[in-house]
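Only this structure's heavy atoms are used, side chains among them; waters, hydrogens and symmetry mates stay out. Position 1 is the first residue of the sequence, and the numbers go up from there. The shown structure was predicted, so the numbers you read here are calculated from the model rather than taken from an experiment.
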Amino acid sequence: AIETFCDPAPSAGDLRIAVPTPGELIVAAPADAQAWIDDFLASMRTFGGLIDVDLVVFNAPSGTAEDVWDGRTAVVLDEGPTRALLQRLEGADDTNRVQAPRITTFPAQPATMEVVQETPYIKDYEFTVLPGQDGEIADPVVDVVRTGTSIDMLAIPLAKERVAVEIQFSQSSAEKPYEQFVTTLGRSGAPVTIQLPEVKVARVDARFELGPGQSIALSVTDPKDADRDMLVVLRARRVERADPRSKLDVNFGPVGRER
């Protein structure tokens with residue numbers, strides 16, 4: 001998590017992390033990154049809850065709410081602008097609310113959410129020659145096309161009720177019917193059809209720090225229709241556990257300083 005979120009990000013080789021013994025952590029980093037590391041470790045020592053992430057995914061015509069993104073693929077919004085954006089998208093006749101998933105995860109633990117469709121197809125054939133016989137057997141090689149939405153996320157608590165989030169959002173599609181290629185089998189010459197699906201993927205990666213009430217808004221072109229966009233509004237918040245005995249067992253050792 002330190003390597004992923006440290007701000008400012010140290011140059012290659014300037015950040016060194018070691019765990020000499022269980023419960024002991026040694027971090028050597030430039031002075032300008034040390035304040036962030038101190039805040040992160042202090043938050044992890046005291047935070048005993050989970051990170052709760054809500055997402056709302058819309059499919060909308062390209063250029064929808066363009067003033068919000070202003071040419072960017074990701075932007076942080078305060079609570080008021082977030083509410084206004086959701087109202088605009090919910091009220092638009094040509095905009096569809098596709099999904100509204102929720103992910104709850106432990107701090108610094110990767111989480112994945114997928115809403116995908118798996119479609120089998122024949123991508124090849126394997127031949128088996130029968131010993132002592134002239135015949136051969138052709139077995140189809142079946143693979144799977146996976147299309148839909150995939151979200152990979154990592155979140156950590158920071159000082160002052162802030163949350164750092166790294167997210168990879170991807171949307172994939174494959175036009176049907178799949179392209180086909182007809183060929184012949186071995187010595188028999190029997191015709192067979194091999195399918196050649198073309199999967200299109202649109203992806204956006206974002207890494208932000210969010211304060212209380214803030215959200216991330218993402219925009220990516222719909223791979224099925226270049227004239228439409230997939231719009232994602234993500235909110236992350238810290239959820240404290242009611243029982244203080246349930247706090248995560250995090251006992252970091254001293255932090256080494258450098259420069």
Exercise: identify the closest heavy-atom pair between [X] and [Y]:
X: Asp225; Y: Thr221; answer: O-CG2, 4.3 Å
X: Val220; Y: Phe169; answer: CG1-CE2, 3.8 Å
X: Ala111; Y: Ile103; answer: CB-CG2, 3.8 Å
X: Ala206; Y: Ala74; answer: CB-CB, 4.1 Å
X: Leu218; Y: Ile167; answer: CD1-CG2, 4.2 Å

Flag, side chain of [X] to backbone of [Y], donor-acceptor distance under 3.5 Å:
X: Asn96; Y: Val98; answer: no
X: Thr184; Y: Pro191; answer: no
X: Ser170; Y: Ala202; answer: no
X: Trp69; Y: Ala217; answer: yes
X: Arg238; Y: Leu158; answer: yes

Are [X] and [Y] close enough that some pair of their side-chain heavy atoms sits under 4.5 Å apart?
X: Gln168; Y: Arg203; answer: yes
X: Leu85; Y: Leu77; answer: yes
X: Asp222; Y: Asp229; answer: no
X: Phe58; Y: Thr64; answer: no
X: Lys200; Y: Lys224; answer: no
X: Thr95; Y: Pro61; answer: yes

Between [atom1] on residue [X] and [atom2] on residue [Y], distance to nearest 0.5 Å:
X: Arg88; Y: Leu231; atom1: CZ; atom2: CG; answer: 10.5 Å
X: Tyr121; Y: Gln195; atom1: OH; atom2: CD; answer: 8.5 Å
X: Gln117; Y: Ser173; atom1: CD; atom2: OG; answer: 11.5 Å
X: Asp124; Y: Asp139; atom1: CG; atom2: CG; answer: 11.5 Å

(request) Taking atom types as modelled, find out whether Thr104 and Asp52 have a side-chain donor-acceptor pair closer than 3.5 angstrom. (result)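 The criterion, which ignores hydrogens and geometry beyond distance, is satisfied for Asp52 and Thr104.
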Verify the cluster assignment for [X] and [Y]: are they in a single hydrophobic cluster under the rule of side-chain heavy atoms below 4.5 Å apart?
X: Val199; Y: Tyr178; answer: yes
X: Ile122; Y: Val141; answer: no
X: Leu89; Y: Val204; answer: no

(request) Identify the residue among Met113, Met153, Arg237, Arg235 that makes a side-chain contact (heavy atoms from CB on, under 4.5 Å) with Val53. (result)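 Per the side-chain contact (heavy atoms from CB on, under 4.5 Å) rule, the option paired with Val53 is Met153, out of Met113, Met153, Arg237, Arg235.
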(message) Using the rule side-chain contact (heavy atoms from CB on, under 4.5 Å), only one of Asp54, Leu55, Val57 pairs with Leu234; which is it?
(response)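 Exactly one pass, corresponding to Leu55.
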(message) For Glu66, I'd like to know if atom CD has over 12 heavy atoms of other residues, nucleotides or ligands within 6.0 Å.
(response)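 No, CD of Glu66 has 12 or fewer neighbouring heavy atoms, counting only those of other groups under 6.0 Å.
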